[in-house]
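Notes follow once the structure below has been shown.
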Amino acid sequence: MNQKSENQTESLTKDRLEEEHRVKYVHSVIDEKQKTIKTKTSGLKESIVDLRKDFWDDVTVNLDEPDDVIETQASLKQQAEFLAERERSHGKMDQERKTLERLKSSPYFGRIDFQETSEDEVDKIYIGVSSLMDKDQENFLIYDWRAPISSMYYDYGPGPAQYKTTEETITGEISLKRQFIIRQGKLKGMFDTGVTIGDELLQQALGNNASTTMQSIVATIQKEQNKIIRNEKSNLLIVQGVAGSGKTSAALQRIAYLMYRFREELNANNLHLFSPNPLFSNYIANVLPELGEANINQSTFLEFLRKRIEKYMEIESPFEQMEFTLTEKNADDYSIRLRNMDYKSSLRFKTMLDDFISDLKNDGIRFKNIKFRDQILISKEEIYDYFYSIDVNIDLPNKMELVAKWLLTEIRRHQKKEIYKDWVMEEAELLEKEDYQDAFFKSQDMYGDEDDPMLEEAYLRKEVIKRAFAPIKKRIKHLKFVNILGTYRSLFEIWTPKNKPSDWEDICQFTVYQLAHRYLTWEDATPYLYFKGRLLGDDADRSIRHLFIDEAQDYSAFQFAFIRHIFPYTRMTLLGDINQGIYAYTTSENPLIPEAIPVNHERLTLTKSYRSTKPIVEFSRQFAPGQATIEAFEREGEKPKLIKTKEDADLTAILTTEINKQKNNGHETIAIICKTLAESNRMYHLLQDKHTIYQINEETYAFEKGLLVLPVYLAKGIEFDAVILPEASKQQYSDESDRALFYTACTRAMHDLTMISAGEPCMFINEASKETYEIN
């Protein structure tokens, strides 16, 4: 070994010892802080318990005189504020305790040595999931990865660098960039690296087995992902990311960043995430708590619609729509259903709907009779006449409110008529004993101490009438007198549009049949809710400051326009991949490629796939649906494997052999990904007697490690150690429309991909070079 090599080795050994010493020191600081917090919280908890127990003993209660009442209120307020302050202190300490617990195993993952342009000293900046001060609370031992200064770790290598604070841009030079692997408080590895987060750390992270929950990526955030995370200016941020590019992970770190950066303005209730399915919602639920933030509100778009559409309406799920398009090609209404999906998903239909709503200002809204005890109190014709007597220039929702006020006045008039009828006292006799006691005492309060049964009866009558009419008043206040379904249905029954598609009559006939059965197809659900909102007033949550939409390519143009309509002041982050647009309407007018680009938007593209090994990416990108560039991360592995069998071959035996092989390779999550739910059911029944197997459907909220079987549309956003496609034949994937499905299925695999084809393989496999996969 030459002198230079010896010096380098000696330097590295010295650096390693120094870093090991620092890890131990940081660990000792964490230990000491934990002990301090434990002592403080223990005493504070006892204090809170005592305060709650003795709350009323320490409050002066006297209600005899007005001055005494004021004194009592002041005493109550003082005691309540004292208790609240103690509870806030306890909550803050508990949060700090959780932070220290997270830091204990792996306190930090990176370091940069940075010298500001105007300074002589070099600052050693260590970066972790949370900040940590030294024992004297004077200097940072660890900087939170979201802090402005930490951004340089992700954006720059050694050399000139800068970061922005809220007031200025700080310039300087990075002389060292180092990564660490720290586990259970021990330094397991360290690497000096350039601008990209080093392959050593990323290789280790990606080479692990798949998890049943998504993990935080703060230690391995790439420069292009960091742009997504720290974007603060764009009202609309569009992220087109290839399969496995980390777009969802980056979005979750973005949420954590925004909650840190704007912690005085944002909380978990100000952000909302639309996820593709309940399974995915559970899959990502661990990430934000891992970063010390509360989980934000999240739902599927289907859940969002169901919450706002009348309970008596049945709504088709997007997965049921998908099943129809894949399995019902011989159905009589298949062709018209596809045309219905295409038109109802478009902005053309939204324009038609807007024209219809405009015409309703003059005529056409249907109402419901208001009945009481099987008698019509106010007829739908009377409501119609009153509604259209109001100034036509007033917005429809405001007119509905005016009608509601009029109806409540009319109901009060009917109450006065009903109060002296015989049925009222018959109902009064059925009241509880407590009601009679209330009637006695309240009649005395109202009319003095006279012991008059007629006064008691008068009170009882009022109580019966009030209770009897309460449900009617409640329905009026909620505008239930409007026949929303009937009015929407008239769009397809009697209204004549100015511009209509050539097959409009067929679409109308199909829609009227579905609505008559109180059934909303997936493509009709959003237009129906949009129509309801325009008629009655939108039920939008104006408190949402940031909305995140994952798998945005699966939203129709109408759905996205609707989202923009009910969240007009909300900043949005759209994440998706055109290559994985598996729904029939996602090929045109897609939210990821809007024709009318809004003001203050930014589009970012992620082209590198980190999920799958290089051989899997090299294979699958050859039949990817879009034209986007797809780059493979340098992680080697086995080539995808095609098993060609005869049509009468024993599929159970072939699958069992492959499953056992994958298990022997150390894979913990093995997914059998099918095209449809019917195929998924068949595979489950084939294997359930031979293996412990879990079947995933659209109601599945979580999954365990092991052998799984599921349709491809439920695998969106999730990854598995190994993927087996049990039917990759030409017969199963026969159409060009299947391309996105097949691509999505293949790109779920992290380490191994196996395709089984009885007979001729599908055309997508044949498009790939024979050098990129093996044939068995």
Side-chain angles (χ1 to χ4, degrees), residues 30 33-34 37 41 87-110 126-133 140 142-151 153-154 166 205 211-221 225-232 234 237 239 246-275 280-299 541 543-550 570-573 575 702 717:
I30 292 171
K33 285 178 179 281
Q34 283 181 316
I37 286 177
T41 52
E87 287 177 334
R88 277 195 299 272
S89 297
H90 186 271
K92 193 174 180 181
M93 285 187 185
D94 188 57
Q95 191 64 37
E96 191 176 342
R97 178 188 62 77
K98 290 176 181 176
T99 298
L100 291 170
E101 195 59 43
R102 281 198 311 275
L103 289 174
K104 197 164 187 177
S105 174
S106 182
Y108 47 86
F109 51 79
Y126 287 81
I127 299 161
V129 293
S130 293
S131 297
L132 181 73
M133 304 290 284
F140 280 97
I142 306 170
Y143 285 87
D144 191 297
W145 66 277
R146 296 166 290 188
I149 198 169
S150 302
S151 66
Y153 175 74
Y154 300 109
T166 51
S211 170
T212 55
T213 56
M214 183 177 282
Q215 305 301 304
S216 163
I217 62 162
V218 292
T220 56
I221 291 169
Q225 294 168 333
N226 198 41
K227 288 180 182 177
I228 298 167
I229 293 166
R230 295 178 186 263
N231 182 295
E232 296 178 12
S234 301
L237 180 61
V239 180
K247 52 189 177 291
T248 302
S249 295
L252 292 169
Q253 320 302 313
R254 170 169 170 73
I255 291 168
Y257 172 78
L258 290 170
M259 291 174 76
Y260 171 89
R261 173 71 177 81
F262 302 102
R263 53 190 174 278
E264 301 300 325
E265 306 164 36
L266 286 179
N267 59 57
N269 295 321
N270 298 140
L271 300 97
H272 192 92
L273 169 68
F274 282 140
S275 56
F280 182 80
S281 297
N282 181 271
Y283 180 66
I284 64 174
N286 190 52
V287 176
L288 288 172
E290 192 179 298
L291 296 170
E293 300 292 351
N295 265 324
I296 66 169
N297 295 319
Q298 57 173 298
S299 67
D541 188 347
S543 67
I544 300 298
R545 302 278 297 281
H546 284 269
L547 179 69
F548 298 81
I549 304 177
D550 205 358
T570 301
R571 293 189 171 192
M572 297 187 190
T573 302
L575 310 127

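Atom set for the values below is all heavy atoms of this structure, side chains included, hydrogens, waters and symmetry mates excluded. The structure displayed is predicted, hence computed values, not measured ones.
Here the shortest heavy-atom pairing between L258 and F548 reads CD1-CZ, 3.9 Å. Of all heavy-atom pairs spanning D144 and S130, the tightest one is OD2-CA, 3.6 Å. Closest approach of W145 to A256, counting heavy atoms only: CZ2-CB, 4.0 Å. Of all the heavy atoms in L100 and I30, the pair that sits closest is O-CG2, 3.7 Å. Scanning both residues, A268 and N295, for their nearest heavy atoms gives CB-O, 3.6 Å. Closest non-hydrogen pair, P107 versus I142, comes out as O-CD1, 3.3 Å.
Between F140 and Y143, the ring planes lie parallel to each other; the angle is under 30°, not in the 30° to 60° tilted range. Between Y154 and F109, the ring planes are tilted. Angles from 30° to 60° get that label.
When atom types are taken as modelled, the side chain of R254 and the backbone of I228 share a donor-acceptor pair closer than 3.5 angstrom.
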Take R261 and T166 through the test side-chain contact (heavy atoms from CB on, under 4.5 Å) and record every step on the way to the result.
CA-CA 10 Å; R261 173 71 177 81; T166 51; 3.5 Å; yes
Using the rule given for side-chain contact (heavy atoms from CB on, under 4.5 Å), can you reason through L273 versus I284, listing the C-alpha separation, both sets of side-chain angles and the distance that settles it, and then say yes or no?
CA-CA 11 Å; L273 169 68; I284 64 174; 3.3 Å; yes
Apply side-chain contact (heavy atoms from CB on, under 4.5 Å) to R263 and R146, showing your working.
CA-CA 12 Å; R263 53 190 174 278; R146 296 166 290 188; over 6 Å; no
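Just one of T570, I296, N297 meets the side chain to side chain contact (heavy atoms under 4.5 Å, CB included) condition when paired with H272; it is N297.
Of the inter-residue distances, the one linking R571 atom CZ with N270 atom CG reads 13.0 Å to the nearest 0.5 angstrom. To the nearest 0.5 angstrom, E232 atom CD is 12.0 Å from L237 atom CG. Atom OG1 of residue T248 and atom CD of residue Q253 lie 11.0 Å apart, to the nearest 0.5 angstrom. For the atom pair CD (E293) and CG (L252), the distance works out to 12.0 Å, reported to the nearest 0.5 Å. Taking CE from M572 and NE2 from H546, the interatomic distance works out to 11.5 Å, rounded to the nearest 0.5 Å. Here R102 contributes atom CZ and R97 contributes atom CZ; the two are 10.5 Å apart, rounded to the nearest 0.5 Å.
Counted within 6.0 Å of NZ on K227, heavy atoms from surrounding residues, nucleotides or ligands total 12 or fewer; the atom is thus considered open.
R230 and S151 form no side-chain donor-acceptor contact under 3.5 Å, judged by distance and modelled atom types alone.
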